[in-house]
Colleague: 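First the structure, which I've put down as C-alpha cells, then a few questions once you've had a look.
Keep in mind the model is a prediction, meaning the values are calculated, not measured. Letters go in sequence order (proteins before strands), and every chain restarts at 1.
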Amino acid sequence: NAGVTQTPKFQVLKTGQSMTLQCAQDMNHNSMYWYRQDPGMGLRLIYYSASEGTTDKGEVPNGYNVSRLNKREFSLRLESAAPSQTSVYFCASSLRPTQGSGELFFGEGSRLTVL
Amino acid sequence: KQEVTQIPAALSVPEGENLVLNCSFTDSAIYNLQWFRQDPGKGLTSLLLIQSSQREQTSGRLNASLDKSSGRSTLYIAASQPGDSATYLCAGRRDDRGSTLGRLYFGRGTQLTVWP
C-alpha cells in the first residue's frame, strides 16, 4: 500500500539552481496539495489541485510552479532556488470534500536545503 | 483569517496517564476536523477525522470530539504509552465560498513525550 510517494527524500541545491519535486498517489484521489513545513511556522499551503487539469495558489506560492500531470501525479518546481526555500516539503492528497470526507493523506516529505 | 490554536505546545507525562490535547479555531465555518500524528523526520499520519455531521470519533485508545459551537476539538489518549510520543496536529477544513475544495487550516501541534 504505497499511498503518497514523494521523490527525492533529500536534496541540496545551490542558490539559483532549479529542481522538481515529484509526487504520486495510488488512492484514486482527485485533489492533491503541496505544503512546506518550517520550525515555528507550521504547515503552509503552497499550491493545490482540486482535480486533474486545475491548479490554484495557496498561502505561499511565490517562487514555485506546479504541474498536475495526470490524476496520479502532481509536481512542484523551484525555478531559481533561494535559501528561504530551505524547508521540508510535503505532498498530500484527498478525495474532493464534495465527493467524500476530504480526509488528507501525506507523503513522507522531501527535505530541501538551499545553500 | 482562520486561526487554529493548540494547547499545550508541549506535554511530558509518565506512562499510563490519560491525556487531553486541545485544539481551538476561530471560525465556526469549519465543517470537518482531522487529527494527525507526526514522528520526528516523518510525514503526517491521519489519526481521526470528524465530519460535520459527527461529534466524535474513536480509534483504539484515541477519541476525538468536535464542538463547532464553541470552536473546540479535543483528542483524548487513554493509558498513554512511550510509543505515543510524537507531535499531534489538528487541522480544520473550512467551507470557503466559491471553492469546492475548502481550505485546510493547521495548528502548530502539541509535542507529546511519554516516559516509561
Colleague: Hydrophobic cluster membership, with links at side-chain heavy-atom distances under 4.5 Å among I/L/V/M/F/W/Y: are B:I50 and B:Y105 in one?
Modeller: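 B:I50 and B:Y105: one cluster.
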Colleague: Any chance CD of A:Q22 has more than 12 other-residue heavy atoms, nucleotides or ligands included, within less than 6.0 Å?
Modeller: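 Yes - once you tally the heavy atoms of other residues, nucleotides and ligands closer than 6.0 Å, there are more than 12.
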Colleague: If you group Ile, Leu, Val, Met, Phe, Trp and Tyr by side-chain heavy-atom gaps below 4.5 Å, do A:W34 and A:F105 land in one group?
Modeller: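 No; tracing contacts between hydrophobic side chains, which count when under 4.5 Å, never links both residues.
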Colleague: By the disulfide (SG to SG under 2.5 Å) test, which pairs, at least two apart or in different chains, include something from residues 14-71 of chain A?
Modeller: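 Disulfide (SG to SG under 2.5 Å) check on residues 14-71 of chain A returns A:C23-A:C91.
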Colleague: Are B:L104 and A:Y48 close enough that some pair of their side-chain heavy atoms sits under 4.5 Å apart?
Modeller: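 A side-chain contact under 4.5 Å is absent here.
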Colleague: Looking at every heavy atom in both B:R108 and A:G40, which two are closest together, and how far apart are they?
Modeller: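 Shortest heavy-atom separation between B:R108 and A:G40 comes out as NH1-O, 2.6 Å.
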Colleague: Under 4.5 Å from any heavy atom of chain A, what part of B:L49 do you find: side chain, backbone, both or neither?
Modeller: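 Side chain only.
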Colleague: Kindly give the cluster partners of A:L115, where membership spreads through any ILVMFWY side chain lying under 4.5 Å from a current member.
Modeller: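 Other cluster members: A:V12.
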Colleague: Checking A:Q6 against chain B: side chain, backbone, both or neither under 4.5 Å from a heavy atom?
Modeller: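 No part of A:Q6 comes within 4.5 Å of chain B.
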Colleague: For B:R93 and A:S94, which heavy atoms make the closest approach, and how far apart are they?
Modeller: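 The pair with the smallest heavy-atom distance is NH2-OG, 4.0 Å.
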Colleague: Restricting to non-hydrogen atoms, name the atom on A:R111 and the atom on B:K42 that form the minimum distance, rounded to 0.1 Å.
Modeller: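 Where A:R111 meets B:K42 most closely, the heavy atoms are NH2-N, 3.4 Å.
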Colleague: Of all the heavy-atom pairs spanning A:L104 and B:F106, show the shortest one and how long it is.
Modeller: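 Between these two residues, the closest heavy atoms are CD2-CZ, 4.1 Å.
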Colleague: Look at the side-chain heavy atoms of Ile, Leu, Val, Met, Phe, Trp and Tyr, link any pair under 4.5 Å apart, and say whether B:L62 and B:L19 land in one connected group.
Modeller: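 Same cluster: B:L62 reaches B:L19 through Ile, Leu, Val, Met, Phe, Trp or Tyr contacts under 4.5 Å.
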Colleague: Find the distance between CD (A:E103) and CG (B:L48) and round it off to the nearest 0.5 Å.
Modeller: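 Rounded to the nearest 0.5 Å, the CD-CG separation comes out at 9.0 Å.
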